[in-house]
There are 2 protein chains.
Amino acid sequence: MSRTRGSSGPKTLAAINEAGLDLIYTAGYEAMSLRELAAKVGLQPGSLYNHIETKQDLLFDLIHNHMVMLLARVDAELEGVEGPVERLKAFVAFHLDYHIERKREVFIGSAELRSLTPKNRKTIVTLRRAYEDRLCDILKTGAAKRLFAVSDIRVTAYALLAMLTGICTWYDPKGRVSRRKLIDIHTRLVLDGVTA
Amino acid sequence: MSRTRGSSGPKTLAAINEAGLDLIYTAGYEAMSLRELAAKVGLQPGSLYNHIETKQDLLFDLIHNHMVMLLARVDAELEGVEGPVERLKAFVAFHLDYHIERKREVFIGSAELRSLTPKNRKTIVTLRRAYEDRLCDILKTGAAKRLFAVSDIRVTAYALLAMLTGICTWYDPKGRVSRRKLIDIHTRLVLDGVTA
DNA sequence: TATAAAAACGATCATACGTTCGTTTCCTGA
DNA sequence: TCAGGAAACGAACGTATGATCGTTTTTATA
C-alpha cells in the first residue's frame with residue numbers, strides 16, 4: 001500500500017493541525033506522541049513528515065498562527081471605535097469572545113510556551129507583548145484624559161488580562177452562564193476597577 | 001559503592017522534592033526525566049525509588065502538600081477577621097503574598113493538573129474547590145448585607161481568582177513593583193469591582 | 001555490640017519515542 | 001497520455017525513559 005485515494009496535501013495538514021490542537025490541549029505537548037497524532041488523523045507516523053518539519057514546528061505553527069490571528073482581529077475590532085471607555089468595552093468584549101471561541105489555542109499559547117525552543121518562544125512572546133500593548137494603550141489614553149485612575153498601567157493591564165483570560169480554564173459555552181452575561185460581568189468588573 | 005556517608009531519608013526526600021519542584025516548574029512534568037532529577041540531587045536514578053513510589057506520586061505529593069498548606073493558611077489568616085469588606089481585603093492580601101512566595105507550587109498546581117491520574121486530579125480539584133469556596137463565601141455574605149453588588153457569585157469569584165493568580169506568571173519580587181504596591185493595586189481592583 | 005532496616009549503587013529491562021528512508025501508489029499538469 | 005511530483009506505507013534506527021533488582025554499605029535500634 002502507499003498513497004491513499006483522495007488524499008490531498010492541504011486537507012491532511014489541516015487535519016493534522018486540528019488533531020494536534022486537540023491532543024496538545026488535552027494531554028500536553030510533551031505527553032502527546034506523534035504516533036497518537038498519526039492514528040487520530042489516520043496515517044502512519046512517518047507520513048506526518050510529508051506535512052510537518054518536526055514536532056516542534058507543529059507546535060510553533062499552531063501558536064504562531066493563533067497569535068497573528070489574534071492581533072489582526074483585535075485591530076480590526078478596535079478600528080474606528082472612539083474614546084477610551086468605548087475602546088475598553090470593545091476590547092473586553094472582543095477578548096472574551098475570542099477566548100471562548102478559541103480556548104484551546106489560547107490555552108496552548110500560554111501553557112506550552114515552555115515547550116518552545118528559546119528562539120521560537122521569543123517570537124511568540126514578542127507577539128504577545130504587542131497584544132498586551134493594545135490594552136496598555138487604551139488605559140494610557142484614558143488615564144491621560146482623566147477618565148481612568150490607574151496607578152500602574154502595566155500591572156493593571158496584566159491583572160485585567162489575567163482575569164479575562166481565566167475563562168479559558170473553566171467556561172463552558174453550554175453551561176449555566178450565557179456569553180452575554182459573562183461579558184456583562186467582566187465588563188463591569190473592568191470598568192469599575194479603572195474608572196476614576 | 002553503596003550507601004553514602006551522612007545520608008538520611010527525610011533529608012534526601014526533601015532534596016528530591018525541592019529539585020523536582022524546580023525541574024517541573026521550569027521544564028514541565030513530562031519533560032523532566034528522573035535521570036535529570038537524580039543527577040540534580042546527586043543520586044543514581046534507581047535510588048530515587050527509596051524515597052518515592054513513582055514519578056506520578058512525586059508530582060501528586062508536591063501538589064497535594066501545597067493545596068493542604070494553602071487551605072490551612074487561608075483559614076488561619078481569615079480567623080477572627082470580621083465583616084465582608086475586611087475579610088475580602090485579608091483574602092486578597094493573603095492570596096497575593098502566598099502566590100508570590102510559592103509561585104512554583106501554585107503554577108504547577110494548575111499547569112500540571114493534566115499530568116495527574118484522573119483519581120489524583122479529582123482529589124486536587126476538590127481541594128481547589130474548597131479554596132474557591134472561601135472567596136465565594138465572603139462574596140455571598142457581603143452580597144447578603146448589601147455591601148457588595150455581585151450578579152453571579154461563582155463567575156465573579158473565578159474572575160477575581162484568575163486575576164489574583166495571574167501574578168504567578170509574571171511577577172518578579174526583585175522587579176520594579178513592590179509587593180506592597182502590588183497588593184494595593186489589586187485590592188483596589190477587587191473592591192471597586194464588587195462594592196455596591 | 002549485634003542485627004535489621006535504610007539508603008545508596010550500578011546494571012538492566014522492556015518499552016516508547018521522534019525521525020529517517022526506500023518504496024509504492026495516486027494525482028495533476030504539460 | 002504520460003511523466004514527475006505528491007502523499008502515503010511500513011520497517012527500521014538510535015536513543016531515552018520509567019522502573020526493577022540484587023548487592024553493598026551505613027545507620028539506628030534493641
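Per chain, numbering begins at 1; letters A, B, ... match sequence-line order. Heavy atoms only: backbone and side chains are in, while hydrogens, waters and symmetry mates are out.
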Mind running side-chain hydrogen bond (donor to acceptor under 3.5 Å, both in side chains) on B:Asp57 and B:Thr54 for me, showing each step along the way?
CA-CA 5 Å; B:Asp57 283 325; B:Thr54 62; 3.2 Å; yes
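- Considering only the side chain of B:Arg35, D:dA19 comes nearest among D:dA19, C:dC17, C:dA7.
- The distance from atom OH of A:Tyr49 to atom C1' of D:dA12 is 14 Å, rounded to the nearest whole Å.
- Atom CG of B:Leu37 is separated from atom P of D:dG18 by 9 Å (rounded to the nearest Å).
- Contact annotation for B:Ser47: base contact, defined as any heavy-atom pair under 4.0 Å involving a base atom.
- Contact annotation: B:His51 reaches the phosphate of C:dA8 (side-chain N/O to OP1 or OP2, under 4.0 Å).
- OP1 or OP2 of D:dA8 lies within a sub-4.0 Å distance of a side-chain N or O belonging to A:Thr12.
- Put simply, CG on A:Leu43 is 13 Å from C1' on D:dG10, counting in whole angstrom units.
- Distance A:Leu13 CG to D:dA6 P: 14 Å, rounded to the nearest Å.
- Comparing D:dA19, C:dT20, C:dG10 by their nearest atom to the side chain of B:Lys55 picks out D:dA19.
- Residue B:Leu48 is out of contact with every strand shown, counting any heavy-atom pair closer than 4.0 Å.
- A:Glu30 places its CD atom 14 Å from the C1' atom of C:dA16, with the value rounded to the nearest Å.
- What separates OH of B:Tyr29 from P of D:dT17 is a distance of 13 Å, to the nearest Å.
- Distances were taken from every side-chain heavy atom of B:Leu34 (C-beta onward) to each of D:dA7, D:dA19, C:dT19; the shortest belongs to D:dA19.
- Contact between the side-chain N/O atoms of B:Gln44 and the OP1/OP2 oxygens of C:dG10 is found at a separation under 4.0 Å.
- For D:dA8, the base has a donor-acceptor partner in the side chain of A:Asn50 [N/O atoms by modelled type, under 3.5 angstrom].
- Between the CD1 atom of B:Ile52 and the C1' atom of C:dA6 there is a distance of 17 Å, given to the nearest Å.
- Rounded to whole angstrom, the span from the CE atom of B:Met32 across to the C1' atom of D:dA16 amounts to 14 Å.
- Nearest approach of A:Lys55 to A:Tyr29, heavy atoms of both residues: NZ-O, 2.9 Å.
- Side-chain contact between B:Thr126 and B:Thr123 is absent, with no heavy-atom pair separated by less than 4.5 Å.
- Residues B:Leu164 and B:Leu96 share a closest heavy-atom pair of O-CD2, 3.6 Å.
- Residues A:Ser47 and A:Asn50 bring no donor and acceptor atom of their side chains to less than 3.5 Å of each other.
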